[in-house]
Structure formats: structure tokens, C-alpha cells
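Here the structure comes first, spelled out in C-alpha cells, and everything after it is commentary.
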Amino acid sequence: MSFEAQSESPAAVPVTEPVISARSVGKSYKMYRKPSDRLWQGIFRRQMAENDFWALRDVSFQVMRGETVGIVGKNGSGKSTLLQMIAGTVQPSEGDVAVKGRVAALLELGSGFNPEFTGRENVYLNATILGLTRAQVDERFNSIAEFADIGEFIDQPVRSYSSGMSVRLAFAVIVHVDADVLIVDEALSVGDAFFSQKCMRFLREFQKRGTLLFVSHDAGAVTNLCARAIWLEEGRVRMQGSAQDVVEHYMAQQHAASRGKLAGDRVEVASRPRMTRLEQSDVTAPDFRKAAMDELGLRNRIHTFEFDVEQSGVQFGAGNATITSVDLLDEAGSKKPLCGAELVTLQITVQLKDQLDNLIVGFYVKDRLGQRLFGDNTYFPYMHSPISGEVGEIIVVDFRFRMPLLPAGSYMIDAAVASGTQEDHTQQHWIHDALEFRALDDSMAHGLVGIPMLSIDVSRGRAE
């Protein structure tokens, strides 16, 4: 783990030429009054369709080599149709789409899988369609199976798979086909938190060498992963530009539409107790909104799972010190359920296998997309009295902080121990996804985290 600040922005890739070009693209579908009319049209060559439905119309854009571009828009805006045309599974009715290089797409659950084939057979089928030879699939199969991690189900028919298992296998295939262009459509919303973190690590590595099209209803995911974005509305490009600008305009429009639907509705809100100003020195003071939240029945409950080093994510390091436990505790030191805005302790226990000086223990808290929300380490507090230890010694580090308010969802904690300095150190043991916890209540409307607020004061005066 590098304990210095790290940027979460995609790695810079030289932008040289367009790898995806869409010029005045449109796609129409015939609308029939009843299903049999489609049959009669094919037999008698007579027009039976009542009208055309245009899923896309006059769509033009370019994606340069090495870019990560997000596509946003509500359901029915034409996103999936556009991606299918880029992937080559649907042909445009007008205009043209040109793609350079090998394209791998994860569009919808189980797309491209034959439900009667086993997972193993579908791996060979899909990988072959995506351009690998039989020998290449043979060589990579064990790695694909390990990435998917579905155990003996690899030899069971895909029709017996859950949606999460189908996504695991499909994603594992596209990870191993050496794609130049990768298309991911809402796939990461299915499956467990550990697999999502694994996929996000792959996507961030892929961004360093390839071109990524990413479709999601999650605005945070688009702004976090993408440099540019395209907003589709009713089959047309409403806006394209920087991901931040496009997402902000899209969310504003969605918010306005939602407010329009609610116009005239009266919302009754319980009266809130008057909060007195807190002394700044009272560092243990609770979030002053807690009484109001309690009165309104709002909660931000957090469930923490047990640490299990065998079930955690990727681990690496020199191994002269190992992390033996990671616990999230309440103020009394118990593993009871937590809630946002309360004082908690993140406890990391390290066992030394060699004599080490200048130890640094740290952590990151990540959301489901792998975004690092916050973290810290022991370097600066102990810079003038470095942590050292003998062989077999146990070192316990307690990070005490007030837990933020969190949107509902899964979160992961990376834990690490290194030896050296902030700038020059050796990783001894890093555990990705060492501990999972989940925020159970959706009591936060906006943002990645909500900070516990000590006080909010309002003063009045008159202009001179």
C-alpha cells in the first residue's frame, strides 16, 4: 500500500485516433398491430407494419483510443441499442458505426450464453466468438475459472445459474480475451461486493491500456470512472462532454422531472427540536441531528461482517509482518451493530515474523465501485517515535473516528502494514477487501458520505 495520496482518476493513455465512430446512426423497428402481421408480411411481401419506432436517431460521436466514456440516460433512451450496434450484434437502419480492434461486451445478464451448455462449454464458445483460438482458451481456462470462482458449477448447465453467477462467468471471459474495446452495461450492479471490487480493480487496470464504454444509472460510477460522457434521451444525443458536466445536467433534469411529478403533494415533516450551540472543545459530541433523525424514525444502521483472511480479496507483501485481524468496534469495544455518526474504532492487529523498525499500519474505506472514501495510517502520529517490534510480537492499532453517514450499500476496508517511511517503504502485508460492512438504511439523499455535524448556527443582523 502506498500511504501517500493517490489519484483515483484514470491513468493517462495517449489519445491518437478514434476507435469508435458513429455517424448519423439510427435504428428503427417495425411496429405491428398483432404478431401474426409480421408473418404475413414475410409471406406475401406486403407492408403490414403500422408505423416505425426509432430507438435511435441521428446519433454521432467519436471515442478516441484509450478513452473511458460513460453513457447515461433513463430506461428506453436507446443506450442498449447503441451498445449492441457497437458490439456488432445489431445493424443500424441508417448511418454507420465503425470500430477498430477487438471488442468484448458485457451487455445483459447471460448474453451470448447457451443456457443448455455448461459453463465450461460456454467459456469456449464465447471466447472463440471473441477471437481466441482453441489453444488460447485451453491455456487460459484455469485463470478464467479462478476469476469467475463459481466452483463445480462450471460444469453445470448455465440455465441452473443465478444472475450473479452468470455475470461472474461472463466477466471472467472478457477479462481474458485481450480486448481493445470493452463495453460494460450495468453488469456490476449484480453480484456480491467482493466480486464487484475485483471487477473494478480490473477495469482500472484496463483503462491504462484500452478503451472503455461504461453504462450505468449510478452517477457516481460514471464521474469516477469516465473522462467523458454521452447523454441519450429518447434515442438522440442530448449532450456530450466532460463526465462531470454531463452527469450534473442529467441529474438536474432528472431531479426537475421528479419534482414535477410531485408538484402539489404536501409533505408533513415533524417539528425538530432546537439545537444549542456546542463548544468546539467537545470532540465527543454526537451528530446534533441525531435527535431529529430519531424523532423522524430515520436510521443509518451498519452491519459488519467477520474478518476472514481466507475470504478476503487479493493479498501481497514481503510477509515479515502479517495482519491477523481487522475489526470495526463500537465505542465500548464491542462488535455490536453500528450506525452512522457514532464513535467507532477500527482495530488492526499485526503479528511480526521478523524484527522490524519504522512500521506503518493503515487502511482505506471503499465503496462498491472501489472509490476510496477515506483512510489514514500511523506514520505522522508516530513519525518522531517510530513503531518497532520483535519476532512474534503482536501490535494492535486502534483508529478512532466518527463513522460518516453512508448511503445504503456494501463497503470494503483495505488494511495494510509496511515498514519504512511515507515516501519509501516496503509493503509487508496488504489485504484488499479485508473487512466488509453494509449500510442498511437509505437515509442519505446525496453525496458519497455524510459528515457528522457538531452544530449549525444561524445569526441575524441588519445592513448598516
Side-chain angles (χ1 to χ4, degrees), residues 1-6 142-143 146-147 149 193-195 197-198 200-201 204-205 302-336 338 343-366 370 372-403 411-437:
M1 180 181 209
S2 177
F3 288 96
E4 56 195 6
Q6 298 184 14
N142 288 342
S143 181
E146 182 180 354
F147 193 100
D149 192 22
F194 287 97
F195 187 73
Q197 294 290 336
K198 183 192 293 189
M200 291 307 300
R201 286 196 292 274
R204 292 187 189 283
E205 283 300 313
I302 295 170
H303 174 71
T304 306
F305 295 83
E306 288 290 331
F307 171 76
D308 184 349
V309 71
E310 299 299 327
Q311 297 298 321
S312 59
V314 176
Q315 303 178 40
F316 61 89
N320 296 317
T322 59
I323 295 169
T324 58
S325 69
V326 181
D327 294 302
L328 196 55
L329 310 172
D330 65 12
E331 192 169 6
S334 168
K335 295 182 182 180
K336 293 179 181 178
L338 306 172
L343 287 171
V344 300
T345 296
L346 176 64
Q347 187 175 88
I348 300 176
T349 304
V350 176
Q351 182 174 8
L352 302 188
K353 296 187 176 181
D354 200 351
Q355 180 178 338
L356 290 173
D357 297 322
N358 303 314
L359 287 170
I360 309 171
V361 179
F363 73 95
Y364 284 119
V365 174
K366 308 177 301 184
R372 292 172 178 171
L373 303 179
F374 62 93
D376 211 334
N377 64 62
T378 58
Y379 179 72
F380 284 113
Y382 289 87
M383 184 168 50
H384 299 299
S385 54
I387 304 169
S388 301
E390 304 293 331
V391 177
E393 191 171 352
I394 302 292
I395 294 176
V396 179
V397 179
D398 290 341
F399 296 94
R400 187 168 177 262
F401 56 92
R402 195 173 293 285
M403 178 64 78
Y411 297 83
M412 293 290 184
I413 297 176
D414 286 1
V417 55
S419 55
T421 67
Q422 186 89 322
E423 295 76 24
D424 183 15
H425 54 262
T426 300
Q427 290 298 336
Q428 298 297 337
H429 193 194
W430 175 311
I431 308 180
H432 278 294
D433 311 334
L435 190 68
E436 179 186 4
F437 65 91

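Computed from heavy atoms alone, side chains included, the values below leave out hydrogens, waters and symmetry copies. In this chain, numbering begins with 1 at the start of the sequence shown.
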How would you list, by chain and number, every residue that makes a side chain to side chain contact (heavy atoms under 4.5 Å, CB included) with Asn320, sequence neighbours excluded?
-> Ala318, Asp354, Leu356, Gln428
Under the ring pair (Phe, Tyr, Trp, His ring centres under 6.0 Å) rule, collect the residues that match up with Phe305, sequence neighbours excluded.
-> His303
Can you tell me how far the CG atom of Asn358 sits from the OG1 atom of Thr378, to the nearest 0.5 Å?
-> 10.5 Å
Hey, what's the ring geometry for Phe437 with Tyr411, parallel, tilted or perpendicular (30° and 60° as the breaks)?
-> parallel
Roughly how far, to the nearest 0.5 Å, is the NE2 atom of His432 from the OH atom of Tyr364?
-> 10.5 Å
Main-chain N/O of Val309 paired with Gln315 side-chain donor or acceptor, under 3.5 Å = yes
Sequence neighbours excluded, which residues qualify as ring pair (Phe, Tyr, Trp, His ring centres under 6.0 Å) partners of Phe307?
-> none
Contacts of Phe380 that satisfy ring pair (Phe, Tyr, Trp, His ring centres under 6.0 Å) - sequence neighbours left out = none
Heavy-atom donor-acceptor pair, Lys198 side chain to Phe147 backbone, under 3.5 Å | yes
Classify the angle between the aromatic ring planes of Phe374 and Phe363 as parallel (below 30°), tilted (30 to 60°) or perpendicular (above 60°).
-> perpendicular
Non-neighbouring partners of Asp327 that pass side-chain hydrogen bond (donor to acceptor under 3.5 Å, both in side chains), sequence neighbours left out = Lys335
Residues forming a side-chain hydrogen bond (donor to acceptor under 3.5 Å, both in side chains) with Ser325, sequence neighbours excluded | Thr349
Going from CZ on Phe399 to CG on Asn377, what distance comes out if it is rounded to the nearest 0.5 angstrom?
-> 6.5 Å
What are the two closest heavy atoms between Lys353 and Gly319, and how far apart are they?
-> CD-O, 3.6 Å
Looking just at side-chain N and O atoms, do Ser388 and Asp357 make a donor-acceptor pair shorter than 3.5 Å?
-> yes
